[in-house]
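Take a look at the structure below.
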2 protein chains.
Amino acid sequence: MPVERVRRRIPEATVARLPVYLRILVEQAGEEVECISSEGLAELAGVNAAKVRKDLSYLGSYGTRGVGYEVAFLVYQIRRELGLTHDWPVVIVGAGNLGQALAGYNGFGERGFPVAGIVDIEPGKVGSVIGGVRVRHIDDLQQIVQSRRVSIGVVATPPSAAQDAADRLVRAGVTSILNFAPVVLAVPRGISVRKVDLAVELQILSYYEQRRVGVGLQAVGSNDSTRGASA
Amino acid sequence: MPVERVRRRIPEATVARLPVYLRILVEQAGEEVECISSEGLAELAGVNAAKVRKDLSYLGSYGTRGVGYEVAFLVYQIRRELGLTHDWPVVIVGAGNLGQALAGYNGFGERGFPVAGIVDIEPGKVGSVIGGVRVRHIDDLQQIVQSRRVSIGVVATPPSAAQDAADRLVRAGVTSILNFAPVVLAVPRGISVRKVDLAVELQILSYYEQRRVGVGLQAVGSNDSTRGASA
DNA sequence: ATGCAGTTGTGCACGTGTTCACAAAGCGGG
DNA sequence: CCCGCTTTGTGAACACGTGCACAACTGCAT
């Protein structure tokens, strides 16, 4: 398959929405829907139709005026743009509560992110099997990353160990990190980091919740997912 | 304590950063740091100093020129603004892998979001105790929400059950929802929803990872956390 | 008192993201 | 073949978020 020209850079906000469109389109395909309009997709994704069209237009002109978008084709295009034409094995650092839940969560593998390994620094945790993967010692990290060609690491350690985990991941050759620890990770330039901080999410809800009292119900913004990957 | 005037509305992007500043400031306070400059806080938070100053200026003029910000005072002000002067009990729907991990995660309670209850629709899951909380049947949801004055619900169900879970939460009286299911929830106006979608995060990383090959290393944006709460 | 070094608070310009509104284009019926 | 209906793709206006640059102000030393 010929590698096409490097497409125009896609805005971050759009990149964050494409996975949502993708999930919906795959669902629709499963329900035998062959064609969908920007309006229909927008409804299902909870966004504005114009936004859907603009987002999709970054991929190219793949719609048919007067008709809509062919679902299967769009699925293929979005997959290709997001780099989901092949699997991305991930390695999880930290086999505590969260690490175990992540390893046991089938959604990862199903969506193209199989768990290539899970490691912990605690010898006591090593050896148990979670979701079909055996917990190994963190010293094996490099070996796992290199033999399985892992480029994405997941930090699921306590906050105090998170920076060390990130350092080890980077040293092992990982170039993208998904960080669940409530810590700002320092990483070399060129390494992408995204963070998921449950407490932060709750605190944001708390803000709007608190505003609610005394001010009455009011609109509080839309439901985007715009967060950069750091370099 | 006199309730102060309804402060000027704080931009969403700022609201998303305040929890990060707060965490860092609390840490600093623990290390006996009494005063911090916007520059110092910015460094620790991984953002621009001007942004820190602008963010903090929405709370009021609480800094001292030539000196910086008094850590303890700032902690208090941010807490107040975010509505963290009291606890917000949360109820978790879904006692699967993720629900259990969340219930067992002490970080919630520590940060002012004690788990008031965890429920599941599966009778087989009811009764077991996770993180000191007994799993109850989803039919008890309303009772839990009302007796414990819960206003925040967490959806940790499989995708197919998520909308039903959200509906039940809303019916029970919850007004904010944190959704871990990969589904776009439909909720009545006035209900805030934030979503955390692990697969989406990985797919975003995949995009930048994929771009990396052939284009060489390049900056790929910054590490914000701007996501609206829907109304 | 005065000056100086340091830091805040903010006006302004810029960039990014969103939405509207409409021309361009496909489709089907008569 | 043409007409009217539908839906895309996008220019342009607007809203929002970011970062610079600097005046205003504080505290301290002299």
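Keep in mind it's a predicted model, so treat the numbers as computed, not measured. Order of the sequence lines sets the chain letters (A, B, ...), proteins ahead of strands, with each chain counted from 1.
- In this structure B:L41 satisfies the side-chain contact (heavy atoms from CB on, under 4.5 Å) test together with B:Y21, B:I24, B:L25, B:I36, B:V52, B:L56, sequence neighbours excluded.
- Remark: B:N48 is not in phosphate contact with D:dG17, judged by side-chain N or O atoms under 4.0 Å from OP1 or OP2.
- Among all heavy-atom pairs drawn from A:D167 and A:A186, the shortest one is OD1-O, 4.2 Å.
- In this structure, B:L18 atom CG and D:dG17 atom P are separated by 13 Å, rounded to whole Å.
- If you check distances only, the side chain of B:K54 does reach the base of D:dG19 with a donor-acceptor pair under 3.5 Å.
- Checked for salt-bridge contact, A:K51 and A:D55 miss the test: no charged N lies under 4.0 Å from a carboxylate O.
- As a whole-Å value, the separation of B:L74 CG from C:dT8 C1' is 13 Å.
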Collect all protein-nucleotide pairs involving nucleotides 22-27 of chain D in which both atoms are nitrogen or oxygen and the distance is under 3.5 Å.
from   : atom 1 : to    : atom 2 : distance (Å)
D:dA24 : N3     : B:R65 : NH1    : 2.8
D:dT26 : O4'    : B:R65 : O      : 3.1

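- With a 4.5 Å cut-off on side-chain heavy atoms, B:Y69 and B:S38 count as touching.
- A close approach under 4.0 Å does occur between a side-chain nitrogen or oxygen of A:Y69 and OP1 or OP2 of D:dG9.
- Taking atom NZ on B:K51 and atom C1' on C:dT8, their separation rounds to 18 Å, with Å as the unit.
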Derivation and outcome, side-chain hydrogen bond (donor to acceptor under 3.5 Å, both in side chains), residues B:Y207 and B:R211: CA-CA 6 Å; B:Y207 171 78; B:R211 287 226 123 207; 3.2 Å; yes
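- A:E70 places its CD atom 16 Å from the C1' atom of D:dT8, with the value rounded to the nearest Å.
- Using a 4.0 Å cut-off between charged side-chain N and carboxylate O, B:D164 and B:R168 make a salt bridge.
- Taking the six-membered ring where the residue is Trp, A:H86 and A:W88 present tilted rings, their angle falling between 30° and 60°.
- For the pair A:Q77 CD and D:dG9 P, the computed distance is 12 Å after rounding to whole Å.
- Atom C1' of nucleotide D:dC16 and atom CD of B:E12 are separated by 10 Å, given to the nearest angstrom.
- Spacing between atom CZ of A:R9 and atom P of C:dG15 amounts to 13 Å, rounded to whole angstrom units.
- Computed from coordinates, the A:Y62 OH to C:dG26 P distance equals 16 Å when rounded to whole Å.
- Each of A:I36 and B:T14 was matched to the nucleotide of DNA chain D holding its nearest heavy atom; the match closer to the 5' end belongs to A:I36.
- Dashed line: the shortest gap from a side-chain N or O of B:S38 to OP1 or OP2 of C:dT8 is under 4.0 Å.
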